[in-house]
Amino acid sequence: MPNVAFINGTFVPMAEAKVSIEDRGFQFGDGVYEVIRTYKGRPFELEAHLARLDRSATALDLKQPYSHDDWTRHILEGIRRAAYPEAKIYVQITRGVAPRDHAYSDDATPTVVMTVREFHPLDRSVQVAGVEAITTEDIRWGRCDIKSVNLLANVLARQQVKQAQVFEAILVNEGLVTEGAVSNVMVVQGGTVVTAPQGPRILSGITRTVVLDLARSEGLPVQERFVSQADLYEADEVFLTGTTVEVLAVIRVDGKIIGDGRPGPIAQRLAARFTSRVG
Ligand code: PMP
């Protein structure tokens, strides 16, 4: 089955999918993106992803070239062409091609690309066992709510993850837990689910919203506030949420055991609810 590439309205073989070296995405990281996955071949929470793409683009004064209907058509066509059992769709809009100058002109034509690749869900044994994380300083800029292609801080954090042979890096800003390098972080304290509030310090995950709704519908108290790094170590449970990780228990952080060292009851309950929600 082919990986599928799309540039500015046209599907092309991956090897022919090229953009100019003067694209502002390449030179300045001047662009935004989304990652969407399918369940049973259908894109999950597509409207929410497209709404976030609009918000990211608007925050950067970037022209959004497609309506939600256009995007939906292209994404469904990409999924159809790739014909994978489950697909991961990457969409990116950059400010387009222009002679290098930090300031941009209003008439730049955005470059739009999409790839559709096979999605391999996490192994069930990983879900059951839980994962290990490290903490690292959150050195990102002040608008983490924008899903921008400027990912250097996340790149460095993920490299630390690779070197430490753990699953995720939990980012800590001035002593407060913000989120993971590629996920949101939730903790359980005395039965309450606590996660960092929406705002410029985190990317508000689509999965985060779904999981908080599930928690509320389960009658669990939810608080959107920051917890400290010390609170993280002391939490009854820690778990990650995200498109690729779904709901995933963290059983050790910086080598310290969380709770009793196994996925806790609330993480397990929410993971099960999430599975039925997407199934
Ligand atoms: N935070 C960051 C920094 C991320 O990269 C991601 C993955 N997109 C998330 C949170 C989770 O967001 P979502 O649930 O929309 O995948």
Side-chain angles (χ1 to χ4, degrees), residues 29 31-39 43-57 59 71 75 86-93 114-115 117 119-122 127 131 133-162 167-173 176-187 193-215 224 226 232 238-248 250 267 270-271 273-275 277-278:
V32 297
Y33 75 106
E34 280 295 321
V35 178
I36 305 150
R37 66 155 291 182
T38 63
Y39 286 99
F44 181 62
E45 291 284 323
L46 181 55
E47 271 302 313
H49 281 282
L50 294 176
R52 187 171 66 185
L53 186 65
D54 286 345
R55 286 199 303 278
S56 297
W71 269 122
I75 288 170
E86 298 296 358
K88 182 160 83 170
I89 302 108
Y90 175 81
V91 302
Q92 179 185 288
I93 308 170
M114 167 168 70
T115 60
R117 294 174 182 276
F119 180 74
H120 300 281
L122 269 188
Q127 299 265 5
V131 297
I134 51 171
T135 59
T136 190
E137 196 189 334
D138 190 348
I139 59 169
R140 298 174 303 165
W141 72 325
R143 289 301 306 271
C144 302
D145 54 319
I146 301 171
K147 200 163 170 63
S148 109
V149 296
N150 275 274
L151 288 169
L152 261 186
N154 309 63
V155 165
L156 296 178
R158 290 298 299 173
Q159 187 63 17
Q160 283 182 265
V161 162
K162 187 169 156 188
F167 187 87
E168 176 63 308
I170 295 177
L171 308 178
V172 178
N173 187 311
L176 301 178
V177 173
T178 52
E179 60 182 329
V182 293
S183 60
N184 290 110
V185 175
M186 301 195 180
V187 306
V193 177
V194 186
T195 193
Q198 286 189 320
R201 286 279 158 224
I202 68 160
L203 180 78
S204 179
I206 305 303
T207 321
R208 174 188 182 279
T209 301
V210 171
V211 171
L212 290 182
D213 284 349
L214 288 175
E224 295 181 59
F226 290 106
L232 177 73
V238 175
F239 56 95
L240 309 174
T241 67
T243 295
T244 53
V245 302
E246 302 178 309
V247 178
L248 185 61
V250 177
L270 291 173
R273 285 296 314 277
F274 188 83
T275 304
R277 162 86 164 68
V278 299

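One-based numbering, in listed order, for ligands and for the atoms of each.
- The closest protein non-hydrogen atom to atom 12 (O) of ligand 1 is Gly205 CA, 3.3 Å.
- Minimum interatomic distance between Glu179 and Arg201 (heavy atoms only, all atoms of both residues): OE2-O, 3.9 Å.
- Of the N and O atoms on the side chains of Asn173 and Thr178, not one donor lies less than 3.5 Å from an acceptor on the other residue.
- Counting only heavy atoms of the protein, atom 1 (N) of ligand 1 lies nearest to Glu179 OE1, 2.6 Å.
- With a 4.0 Å cut-off on non-hydrogen atoms, Ser183 touches ligand 1 through its backbone and not its side chain.
- Taking every heavy atom of both residues into account, Val245 and Ser183 meet most closely at CG2-CB, 4.3 Å.
- Contacts of Pro200 classified as side chain to side chain contact (heavy atoms under 4.5 Å, CB included), with partners at least two apart in sequence or in another chain: Arg143, Asp145.
- Between Arg277 and Glu45, at least one side-chain N (NZ, or NE/NH1/NH2) sits under 4.0 Å from a carboxylate O, which counts as a salt bridge.
- Nearest protein neighbour of atom 8 (N) of ligand 1, counting heavy atoms only, is Lys147 NZ, 2.7 Å.
- Nearest protein heavy-atom contact of atom 16 (O) of ligand 1 is Thr243 OG1, 2.5 Å.
- For Lys147 and Glu34, the salt-bridge test fails: no basic side-chain N is under 4.0 Å from an acidic carboxylate O.
- Here the shortest heavy-atom pairing between Leu203 and Asn184 reads O-ND2, 3.0 Å.
- Contact between Ala48 and ligand 1 is absent, with no heavy atom of the residue lying under 4.0 Å from the ligand.
- Residues passing the side-chain hydrogen bond (donor to acceptor under 3.5 Å, both in side chains) test with Thr135, sequence neighbours excluded: Gln229, Asp254.
- Among all non-hydrogen protein atoms, the one lying nearest atom 14 (O) of ligand 1 is Thr207 OG1, 2.6 Å.
- Close contacts between ligand 1 and Gly242 involve ligand atoms 11 (C), 14 (O), 16 (O) [criterion: under 4.0 Å to a heavy atom].
- Assignment of Asn184 to the shell around ligand 1 is supported, since a heavy atom sits closer than 4.0 Å.
- Under the 4.0 angstrom criterion for non-hydrogen atoms, Gly180 is in contact with ligand 1.
- Not a single heavy atom of Glu34 lies less than 4.0 angstrom from ligand 1.
- What you find for Ala153 and Ile139 is that their closest heavy atoms are CB-CG1, 3.7 Å.
- Of all the atoms in ligand 1, the ones that sit under 4.0 Å from a non-hydrogen atom of Arg52 are 12 (O), 15 (O).
- Scanning the protein for heavy atoms near atom 7 (C) of ligand 1, the closest one is Val182 O, 3.4 Å.
- Counting atoms of ligand 1 from 1 in the listed order, those under 4.0 Å from a heavy atom of Ile206 are 13 (P), 14 (O), 15 (O).
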